[in-house]
Amino acid sequence: MLATLPTADIFFLILSLAPLALGMPSWDAGFGTRPQVSIGNLVPGASVIEAIGEGITYETYKPKYLSVAAPKGVPGSAAIYEDLSPPLFFINNQQLWQPMNTTSILRVNVLNVTGVDEAGQPHPAPLKLEIGERAEGLVNGVWRWRGTKLFFDLGKRSNKGLYFSCQTKNGMRAVYTALDDMPAPPGCKYTTLHSFTSRIDRP
């Protein structure tokens with residue numbers, strides 16, 4: 001039955017069943033009575049996504065994560081930075097999702113950007129990652145894990161697990177990608193995105 005439900009319905013169904021699993025008389029998902037219970041416990045496979053860029057030195061390495069350049073729960077551009085409380089992500093029905101809390105979920109979209117950005121500057125690469133409330137951009141694209149690495153495919157084309165971390169005017173590093181081979185644009189660095197959580201859905 002679950003296979004026939006829309007992704008968002010599956011997510012909310014999981015959350016609605018959580019009180020039964022936790023044996024709680026009322027629904028607060030354990031956030032009030034059991035603070036150690038988190039959204040990650042309620043969404044199987046959800047994990048932070050770590051960005052590993054070129055030229056890192058492990059002696060002074062500080063993890064950077066896929067996050068969003070907006071307040072928590074607000075849609076915005078995907079970004080990479082040293083987030084002290086990075087968001088969780090998971091793949092369901094070949095789409096990448098960010099669970100926010102027990103009642104809301106955001107979708108990671110890949111937008112075809114051929115114009116200029118908010119500052120009036122040309123985008124450095126053809127595809128940009130944005131986090132929003134509804135499906136936008138390349139809606140037929142497929143997200144998948146290969147080992148620990150995150151890939152995005154569109155038909156027979158793939159980004160081969162490569163992304164660009166690009167400096168923006170506000171100091172954040174926005175996340176771009178491409179389905180064709182290209183050098184890192186000016187102001188950008190190659191990066192790969194990884195989940196190091198054990199899961200059975202890895203090829």
Contacts table for residues 65-75: side-chain donor-acceptor under 3.5 angstrom, sequence neighbours left out:
residue, atom, partner, partner atom, Å
S67, OG, Y81, OH, 3.1
S67, OG, D83, OD2, 2.9

Do I80 and M172 land in one hydrophobic cluster if side-chain heavy atoms of ILVMFWY residues count as linked below 4.5 Å? no

With no hydrogens and no angle check, is any side-chain donor or acceptor of N109 less than 3.5 Å from a backbone partner on G137? no

Can you find a side-chain donor-acceptor pair between T191 and S165 that sits under 3.5 Å? no

Among L129, I91, I131, side-chain contact (heavy atoms from CB on, under 4.5 Å) partner for L96: I91

State the CG-CH2 distance between L106 and W97, to the nearest 0.5 angstrom. 9.5 Å

When rounded to the nearest 0.5 Å, the distance separating CG of D153 from CZ of R146 is 10.0 Å

Report the C-alpha distance between D180 and R157 in whole Å, list the side-chain angles of each, state the deciding distance to 0.1 Å, and finish with yes or no for side chain to side chain contact (heavy atoms under 4.5 Å, CB included). CA-CA 8 Å; D180 299 302; R157 303 167 70 194; 2.7 Å; yes

Would you say Y190's side chain and A184's backbone share a donor-acceptor pair under 3.5 angstrom? yes

Using a 6.0 Å cut-off, check whether atom CD of Q94 has over 12 heavy atoms from anything other than its own residue. no

If you count the non-hydrogen atoms of other residues, nucleotides and ligands that lie under 6.0 Å from CD in E133, is the total more than 12? no

Using the rule side-chain contact (heavy atoms from CB on, under 4.5 Å), only one of V43, L150, I49 pairs with F89; which is it? I49

Dump the intermediate steps for side chain to side chain contact (heavy atoms under 4.5 Å, CB included) on Q95 and V139, then the final yes or no. CA-CA 9 Å; Q95 299 303 311; V139 296; over 6 Å; no

